Amino acid sequence: MNTTDKIRKLEEYLKDKKCILAFSAGSDSSLIAYILSKVSPNSILATIDNNMMPEEFIKYAQNMANEYGLKHIVIKTDFLSDPEFISNNSKRCYNCRNIMYSEISKIPEFSDYDYFLEGTNLTDLLEDRPGVLIRKKYNMTSPLIECQLTKDDVWDMIDYLGLSYSNNTTCLATRIKTNQEVDAQLLSIVDKTECLLRESVDQDNVRIRVDDSNATIVVDDPMEILDKTLLENIRDQLKEYGFKKVSLDITGYTKTTDEYLEDNDTYYYQLPYNIDLDTTTQNIRKNPNYHGVIIISNNYIKHDTIKISADGRISTPKTEDFDDKFRNILPVIERTIPQI
């Protein structure tokens, strides 16, 4: 499909649905919000003000909601009062979404709406994001997944439609090493330092990664910031905040791709997480779009020509339609719940 066909598909999927959208004003939720404004204008956008996001986050979300002409609800809550969230353990993304969606589900209008939307796209399922597991708990719908849209598709559609979105909508706690406790002071330091860097660097992704007393600068193209004065300013600022070592990651910000690999007579994709084969089997059986026999083994299942292994490897004999088959099966694959 071309870009206009993909837009039409998303419009048809969302048309006349009475929706509440978890809205961050990032690329995914901005695209969905724009489409809702055209085909389901009675929808509501809900944004969580949780003290974990960059300072300009809420104001930008409010401005974009006004631009779309959609009702916007801002729910204030303090994640830093939740002991498990503060612990920043391996389930932090799950815990974060659990708190957010729980708060949204409490708004008075919630029961009047038929669909609770969120912005996960197909490419997100290729990453180690345990937070996607929360969708089932709140019976959420992911229209970008339902329409088999990747991150590249989203960017193409946004460019085509001329939409604006925020590049800075990821939770600041994700900058902190897993199991290192988070607090308001540390998150404020990360936010201020990233803002300082953004003032001098015109790049989409700017991150300060924290590992105990060490800080690492991560940007899309590190070679563009090899400016002695700029790096000295960032280094001195971070050292003033108490970091002992400041590094620049010269590999750059890593973007996920859906490019598959070859192994003799097989095409495959290696997911970065283990797969719950029992639940995946149930998902295939319940979905009317999947037909045919499922072969079940201790460490893999096979549907059609696609083999789904417990270790996250998805493979098929070499065929020209591997991309299509992989996109089709990915939405029903269930990852295992990470252990703390």
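Predicted model only: the values in this text are computed from it and were never measured. Residues: numbered from 1 along the sequence shown.
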Worksheet item: Are V218 and N205 close enough, and set up right, to give a side-chain contact (heavy atoms from CB on, under 4.5 Å), and what steps lead you there?
Response: CA-CA 8 Å; V218 184; N205 295 292; over 6 Å; no
Can you see whether [X] engages [Y] through a side-chain donor-acceptor pair at a distance of less than 3.5 angstrom?
| X | Y | value |
| --- | --- | --- |
| D124 | N121 | yes |
| Q148 | N328 | yes |
| E118 | S142 | yes |
| T305 | K325 | yes |
| D153 | T150 | yes |
| T251 | D249 | yes |

[X] (side chain) donor-acceptor with [Y] (main chain) under 3.5 angstrom:
| X | Y | answer |
| --- | --- | --- |
| T193 | I189 | yes |
| T280 | L277 | no |
| E11 | V39 | no |
| R285 | Q282 | no |
| Q180 | D212 | yes |
| N95 | K91 | yes |
| S29 | S24 | yes |
| S37 | Y34 | yes |
| E334 | D276 | no |

Lys/Arg-Asp/Glu bridge criterion (N-O < 4.0 Å) met for [X], [Y]:
| X | Y | answer |
| --- | --- | --- |
| K318 | E262 | yes |
| K18 | D114 | no |
| D5 | R8 | yes |
| K9 | E12 | no |

Practice prompt. May I have the step-by-step check of ring pair (Phe, Tyr, Trp, His ring centres under 6.0 Å) for F326 and Y269, ending in yes or no?
Written response: CA-CA 9 Å; F326 184 54; Y269 193 98; 5.1 Å; yes
Between [atom1] of [X] and [atom2] of [Y], what distance do you get to the nearest 0.5 Å?
| X | Y | atom1 | atom2 | result |
| --- | --- | --- | --- | --- |
| T216 | R209 | OG1 | CZ | 9.5 Å |
| L230 | L196 | CG | CG | 7.5 Å |
| L238 | S247 | CG | OG | 10.5 Å |
| L231 | I225 | CG | CD1 | 5.5 Å |
| I234 | K239 | CD1 | NZ | 14.0 Å |
| L36 | L14 | CG | CG | 5.0 Å |

Shared ILVMFWY cluster between [X] and [Y], side chains joined below 4.5 angstrom?
| X | Y | result |
| --- | --- | --- |
| I329 | I296 | yes |
| Y253 | L126 | no |
| F116 | Y13 | no |
| M100 | Y60 | no |
| Y68 | M157 | yes |

Heavy-atom closest pair, residues [X] and [Y]:
| X | Y | value |
| --- | --- | --- |
| I44 | E109 | CD1-CB, 4.1 Å |
| G312 | I275 | CA-CD1, 3.7 Å |
| T266 | S315 | CG2-CB, 3.6 Å |
| E194 | R207 | OE2-CA, 3.3 Å |
| L122 | P331 | CD1-CG, 3.8 Å |
| D220 | P222 | O-CD, 3.6 Å |

I'd like to know whether [atom1] of [X] has more than 12 heavy-atom contacts from other residues, nucleotides or ligands below 6.0 angstrom.
| X | atom1 | result |
| --- | --- | --- |
| K302 | NZ | no |
| Y300 | OH | no |
| N66 | CG | yes |
| Q185 | CD | no |
| Y160 | OH | no |
| K177 | NZ | yes |

Practice prompt. Taking the side chain as every heavy atom from C-beta outward, state whether W155 and S27 have any pair of such atoms under 4.5 Å apart.
Written response: yes
Discussion item. Can you tell me how the ring of F85 sits relative to the ring of F79, calling it parallel under 30°, perpendicular over 60° and tilted otherwise?
Written reply: perpendicular
Worksheet item: For L172, which of V190, L186, V182 qualifies under side chain to side chain contact (heavy atoms under 4.5 Å, CB included)?
Response: V190
Discussion item. I'd like to know whether Y165 forms a side-chain contact (heavy atoms from CB on, under 4.5 Å) with L31, so could you lay out the CA-CA distance, the side-chain angles of the two residues, the decisive distance to 0.1 Å, and finally the verdict.
Written reply: CA-CA 9 Å; Y165 65 93; L31 174 62; over 6 Å; no
Worksheet entry | Derivation and outcome, side-chain contact (heavy atoms from CB on, under 4.5 Å), residues L144 and L10 | CA-CA 8 Å; L144 301 179; L10 187 57; 4.1 Å; yes
Item to complete: Determine, stepwise, if the pair I104 / M140 fulfils side-chain contact (heavy atoms from CB on, under 4.5 Å).
Response: CA-CA 12 Å; I104 293 174; M140 301 186 78; over 6 Å; no
